[in-house]
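Read through the structure below, which is laid out as structure tokens, and then see the notes.
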Amino acid sequence: MNAEQLHTPCYVIDRDRLEENLKVLRGVMDRTGCRILLAQKAFSCYAVYPLISQYLCGATASGLFEARLCHEEMPGRENHIFSPAFREEDMPEILSICDHIVFNSIRQLELYGKRAKEAGLQVGLRINPQISTQPAEHAIYDPCAKGSRLGVTLDEFRESVLSKLELLDLLDGLHFHTLCEQNSDDLETTLNGFEEQFSEWLPQMKWVNFGGGHHITRADYDIPRLERCINRMSQGYGLMVYLEPGEAIALNAGYLHTQVLEVQHHAGAMDIAIVDTSAACHMPDVLEMPYRPPLRDSGQPGEKAYTYRLGGPTCLSGDIIGEYSFDEPLKEGQTLIFEDMAIYSMVKNNTFNGMPLPSIYLKQGSDYTLIKSFSYADFKVRL
Ligand SMILES: *Cc1c(COP(=O)(O)O)cnc(C)c1O
């Protein structure tokens with residue numbers, strides 16, 4: 001089908017853009033020997049897992065369900081898992097389908113480490129290098145912030161492994177994840193601190209995992225610096241380096257098509273367009289991060305002749321996507337296309353207000369195929 005036939009609201013995954021990203025990531029792997037995994041929490045649309053598996057080494061999961069998805073939809077690929085705290089009841093299945101498990105605390109390592117090892121998994125520990133590289137307003141995305149529940153600090157690590165040497169023997173690798181939408185200069189800063197703190201234990205490890213948050217497929221990303229960071233660990237300590245980006249894999253590789261339902265004029269205030277997609281339901285990061293999603297053929301407010309505030313059809317007064325300007329007045333029934341809507345969108349959908357879930361299409365060239373559509377039943381079944 002063509003673009004005019006899409007039923008809004010809908011997400012569109014752009015297969016060609018996705019593949020361009022995958023080629024960039026593959027290039028890093030080929031030049032350095034590192035391994036890159038898909039962080040499924042950002043993008044779990046498994047219809048394109050066959051394509052992703054052609055380029056990457058596997059996936060990482062935030063829990064049992066994502067691990068099961070990788071097991072089912074990327075068969076034969078590496079299946080890593082990390083959770084701040086695992087549940088006993090999930091362990092048998094996790095140990096049967098995953099090949100790498102990363103624990104968040106010494107206590108979790110003590111609880112499950114030996115079992116994981118005996119089941120044949122490689123065991124890692126997430127450490128907290130306590131180096132914040134994120135802007136202060138990003139505190140909810142900073143695992144190094146004071147009081148963080150994520151990762152083991154150097155002091156905690158040293159104290160535990162000195163008193164219980166067998167813990168160290170369980171470890172195949174160390175993991176850190178401290179970045180969010182950042183460039184490789186911040187990775188380098190983090191790695192400098194990590195190496196300074198943990199170098200004495202690195203020779204006995206098999207791998208180090210740099211986590212996610214690397215915006216590798218963004219135009220201004222400094223890939224050579226990333227590769228120097230990887231080479232430092234692989235050549236300096238003989239370590240395999242893992243990266244597990246989510247965003248970078250499907251960055252700018254998806255859209256959210258929406259239709260203008262009504263245009264409102266209010267005396268003394270900005271014109272409003274109500275669209276059939278909701279920030280709260282279909283792009284919650286717009287409100288949480290917060291950020292202003294790019295919208296095709298639009299400008300900043302006031303930049304073009306006609307400026308509107310775009311809002312969703314829910315009851316929430318703050319269900320506002322943002323303010324945009326256009327060359328022509330908006331009309332009822334007109335389609336608007338939000339860009340960069342593949343990541344942290346479908347995976348975060350909800351049906352607040354009974355809002356329908358957007359359909360999902362795959363775009364290849366100028367052809368669109370329906371991957372999935374939803375109905376009233378999908379709203380009802382969860383309640
Ligand atoms: C969120 C997360 C990722 C992926 O992060 P992106 O910002 O999407 O690249 C990878 N690893 C861990 C442990 C995470 O929490």
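Remember, it's 1-based here, ligands and their atoms both numbered in the order they're listed. Position 1 is the first residue of the sequence, and the numbers go up from there.
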(message) I need the full list of salt bridge (Lys or Arg N to Asp or Glu O under 4.0 Å) pairs touching residues 154-163, with sequence neighbours left out, sorted by first then second residue.
(response) Arg158-Glu200
(message) Checking the N or O distance criterion of under 3.5 Å, is ligand 1 in contact with Phe82?
(response) no
(request) May I ask you to list the atoms of ligand 1 that are less than 4.0 angstrom from any heavy atom of Glu244? (result) 3 (C), 4 (C), 10 (C), 11 (N), 12 (C), 13 (C)
(request) Please identify each residue that fulfils ring-ring contact (aromatic ring centres under 6.0 Å, His included) with Tyr344, with sequence neighbours left out. (result) none
(request) Please confirm whether Arg126 comes within less than 3.5 Å of ligand 1 when only nitrogen or oxygen atoms on both sides are compared. (result) no
(message) For ligand 1, which is the ligand I care about here, please tell me if Gly246 has any N or O atom under 3.5 Å from one of the ligand's N or O atoms.
(response) yes
(request) Before accepting this row, confirm whether a basic side-chain N of the pair Asp172/Lys117 lies closer than 4.0 Å to the acidic partner's carboxylate O. (result) yes
(request) Run the salt-bridge test on Glu66 and Lys41 with the 4.0 Å N-O cut-off and return the result as yes or no. (result) no
(message) Assess whether a salt bridge exists between Glu89 and Arg87, defined as any Lys/Arg side-chain N lying under 4.0 Å from an Asp/Glu carboxylate O.
(response) yes
(request) Among all protein heavy atoms, pick the one closest to atom 8 (O) of ligand 1 and tell me residue, atom and distance. (result) Tyr344 OH, 2.6 Å
(request) State the atoms of ligand 1, each with its element, that fall below the 4.0 Å cut-off from a heavy-atom position in Pro245. (result) 9 (O)
(request) Say whether Cys180 and ligand 1 are in contact under the criterion: heavy-atom distance to a ligand atom below 4.0 Å. (result) no
(request) May I ask you to decide whether Glu118 forms a salt bridge with Lys114, counting only side-chain N to carboxylate O separations under 4.0 Å? (result) yes
(request) Taking atom CZ of Phe374 as the centre, report whether more than 12 heavy atoms of other residues, nucleotides or ligands fall under 6.0 Å from it. (result) yes
(request) Can you figure out which of Ala42, Gly213, Gly211 has its heavy atom closest to atom 5 (O) of ligand 1? (result) Gly213
(message) Just to be sure I'm reading this right: ignoring hydrogens, which of His214, Lys41, His215 gets closest to atom 15 (O) of ligand 1? Compare them by their nearest heavy atoms.
(response) Lys41
(request) Flag His175 as yes when one of its N or O atoms lies below 3.5 Å from any N or O atom of ligand 1, and as no otherwise. (result) no
